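Here's the structure, in structure tokens; my notes come after.
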Amino acid sequence: MVDDDASESFAFDGRSYPTYQEMVNAKRRRNADVLAKSGLLEAKSAIASSSGGGGSGGGIVGGTRGLKRAKVVPPGDDDGRPAPPPRRKSSRIAGAMAPDVRVERESMGSFVISGADASPPSSSSSSSSSSPSLRVESSTTSKDATAGYNGRVNDGSDLSVSDAVELVGYKWRGDGDTERAERLFARILPDAIEDVPIANYRRGGGRAGGGMGLSSGSPVSVVDVTNTTSGRPAQSTAATTVPRKDDVDDDDDAHRGIRRLVDGLSCDDGECVAKVTPDRIYSVACHPSPNAVIVCAGDKTGHLGVWNVDGYNHGGDDAMNNENASSSSLSSSSDDGVHLFKVHSGAISTLAWNGPGTSLLTSSYDGSVRLFDVERGRAFVEVFATYGDEVKYRDKLGYGTDRGYNSWIQGMEIDTRYGSGGGGGGGSGGFFLCTSEGRVMHVDMRMKGRLTFDAVLSEKKINTISLHPDGNVIATAGLTGIVQLWDVRKIPTLSSKEKPKPISWQESGGRSINSAYFSPSGKRLLTTTMSNRLEIMEDSHLVAGRMMPKMRVSHDNQTGRWLSTFMARWHPGCYTNREIFVVGSMKQPRCMEVYDHDGDLLREIRGDAITAVASRCCFHPDTNKLIVIGGNSSGRVTIAR
DNA sequence: TGGCAGATTAATAAT
DNA sequence: ATTATTCCATCTGCCA
């Protein structure tokens, strides 16, 4: 059985390549891969027979690193853990559902969700009022609504590190997890913070390390876009995709430098991948410390996985005696650097470190935002959450913002206008949120926390919200298929009747837009669309009215239902005059793609460590090296460097 | 215009 | 090796 060769020429494996060389390269890669695999089979059996090695899948891939599911709970568990419920799925289907929502099974295996619009928490909070002691049951029934609080993890009180570890179900917890987590929190992360250079986050002097600035020089060829009538420009690019210019232009040095970095990326060995969360990854973020690679991933059921990739700080001088290398008898995996917390009851839609890396914000479908404040030693503080109108919530930030079951927080952007390192509330000035029903909210955390505005900017879901570095413009994009730019200062509140009006907008192929992000320099706006395109606009914030993209790359974004959608993301630092971004890909073999700001594909990163489609990707913020991170739909994270 | 059914998608855990 | 499970995605088509 040979894989279908499909068509030769410039197309291969369902993709078309702009140059023959690239196609050939792709093919070589594929062939090498196939070979490797077949060779592996032999090698595997050989190894297995000889050394009988550890357990499952000597196979390179598959990630032996990271979380491991506890198979069976030993009968005599000392922890007093409750015996595992007989069966997970059955219990869930059997009806442990949220009060107001029922799921009915239909013939074809599809589900129907019926029930009133999740009425706000039933007034009688009965048992769960404020149970201080966390019950461990959870997890298996992560979806059940702990009456009130929209089924969130708790009533909004703080979660300590150990709380968050406890909330992880027995299935994904191991001995010593709490101690390890506490050390991460009390020691490893604080050390990592120390390493973050001030230049990385201080405003004013250029956002990024290395270097410098964007060519503020040429004020830009303002894309004249507007004059071309509604018609499209030369649509002729039909041929394919990338509008590339063959001759690299002037800023060669920068270009070459970046190419060198990008070409050097690899992720071939098993150390480059680990299972970090139990479920599908919705968001990834990387701590800015230049001396560590500490990756965070948020999954569908509210788990936050933290992977300390190189075991940063492990050898610490006074490392705890109690748990040195030898202690772990059962779980040798106890020191693979993966930590798991459960901090939300719904998907973690966005994860974001603030500039100095002192705190991590998590936004979730469960309607809450939590702050992991390393600097102040406070773990998962609920910073905002949607609450109903009941009087008892009057003191909560987010009081009266609950809009029922069909509303959730889809995206978040840290507000850097007051300085990303700002004192204020825990290391960031505040944040913007966008929701499934098209709302945009802003929370100012500088004082006690205040909801600054709450406006409906779209009739449908808004997927992302992005703040322009100049602090005056935000971009929203979502199911309406239109990117819109807004003047932050002129967003009307809910109470005011005036209709919000965007400064400018752009539609893209009529389908929805997965993401729209301003580049760190602010010069460009990058969108990822369901009409299979990546589009780059330049100086869009200077245009009023209709915008047109400067560059357009065709890109298969049909991830389907079971994978998180693609959202191309910029490198947060500026390389001299060159900005780059990364995006997942449906190509086979799987890869992550790095492009530059002209839409040129610099690299397809492949390797044994990429075991599945990397739906959500990001970069390590450091500009002195290049590290690419990808999260897939089974909770695995791959890093390339 | 809005609501629903149905198709589609990829990867794992369980068999 | 095959099957069942995922089911807070999104698009199209059909109905009112």
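First the proteins, then the strands, lettered A, B, ... as listed; each starts at 1. A quick note: this is a predicted structure, and the numbers were derived from the prediction, not measured.
- Checked against ring-ring contact (aromatic ring centres under 6.0 Å, His included), A/Phe619 has the following partners two or more places apart in sequence or in another chain: A/His571.
- Rounded to whole Å, the P atom of B/dT9 lies 14 Å from the corresponding atom of C/dT12.
- Distance noted for atom C1' between C/dT6 and C/dT10: 16 Å (whole Å).
- For the pair A/Lys275 NZ and B/dT12 C1', the interatomic distance rounds to 8 Å; values are reported in whole Å.
- The separation between A/Ile409 atom CD1 and C/dC8 atom C1' is 13 Å, rounded to whole Å.
- Base pairing in DNA chain B gives the following stems of 3 or more Watson-Crick or G-U pairs, range against range and under 3.5 Å: B:1-8 with C:9-16, B:10-15 with C:1-6.
- Put simply, A/Arg636 has a side-chain N or O that comes within less than 4.0 Å of OP1 or OP2 on B/dT12.
- Contacts of A/Ala612 with the nucleic acid, taken as non-hydrogen atoms under 4.0 Å apart, involve only primed sugar atoms and P, OP1 or OP2.
- For A/Thr476, the side chain to side chain donor-acceptor pair (under 3.5 Å) partners at least two apart in sequence or on another chain are A/Trp486.
- For C/dT10, the OP1/OP2 oxygens have a side-chain nitrogen or oxygen of A/Lys461 closer than 4.0 Å.
- Distances were taken from every side-chain heavy atom of A/Ser634 (C-beta onward) to each of B/dA10, C/dA9, B/dA11; the shortest belongs to B/dA11.
- For the pair A/Asp279 CG and C/dT5 C1', the interatomic distance rounds to 12 Å; values are reported in whole Å.
- Atom C1' of nucleotide B/dA13 and atom CG of A/Leu67 are separated by 15 Å, given to the nearest angstrom.
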Give each protein N/O atom lying under 3.5 Å from an N/O atom of nucleotides 11-15 of chain C, with the pair distance.
| unit_1 | atom_1 | unit_2 | atom_2 | d |
| --- | --- | --- | --- | --- |
| C/dC11 | OP1 | A/Ser512 | N | 2.7 |
| C/dT12 | OP1 | A/Arg511 | NE | 3.4 |
| C/dT12 | OP1 | A/Arg511 | NH2 | 3.3 |

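- Between C/dT10, B/dT9, C/dC8, one nucleotide has an atom nearer to the side chain of A/Tyr365 than all others, and that is C/dC8.
- Under the ring-ring contact (aromatic ring centres under 6.0 Å, His included) criterion, A/Trp562 pairs with no residue at all, not counting sequence neighbours.
- Not less than 6.0 angstrom separates the ring centroid of A/Trp570 from the ring centroid of A/Tyr517.
- B/dA10 atom P lies 8 Å from atom CD of A/Gln588, rounded to whole Å.
- Between A/Pro549 and A/Gln506, the shortest heavy-atom contact is CD-NE2, 3.6 Å.
- Residues passing the ring-ring contact (aromatic ring centres under 6.0 Å, His included) test with A/Phe384, sequence neighbours excluded: none.
- The aromatic rings of A/His555 and A/Tyr595 sit perpendicular, their planes meeting at an angle over 60°, well past the 30° parallel limit.
- The ring-ring contact (aromatic ring centres under 6.0 Å, His included) test applied to A/Tyr282 returns A/Tyr365, not counting sequence neighbours.
- Residues satisfying the side chain to side chain donor-acceptor pair (under 3.5 Å) test with A/Ser515, not counting sequence neighbours, are A/Thr528.
- Between A/Arg561 and C/dC8, a side-chain N or O to OP1/OP2 separation shorter than 4.0 Å is present.
- Whole-Å rounding puts the A/Leu563 CG to C/dT6 C1' distance at 11 Å.
- Close to C/dA9, at under 4.0 Å from its OP1 or OP2, lies no side-chain N or O of A/Thr565.
- Under the stacking definition used here (centres under 5.5 Å, planes under 30°), the residue A/Trp562 qualifies as stacked on the base of C/dT6.
- Nucleotide B/dT12 holds its P atom 7 Å from the CG atom of A/Asn632, rounded to whole Å.
- In terms of the salt bridge (charged side-chain N to carboxylate O under 4.0 Å, His left out) criterion, A/Glu413 has no residue partners (sequence neighbours excluded).
- As rounded to whole Å, 18 Å separates atom C1' of B/dA10 from atom NZ of A/Lys587.
- Here B/dA11 is the nucleotide among B/dA11, C/dA9, C/dT10 with the atom lying nearest to any side-chain atom of A/Arg590.
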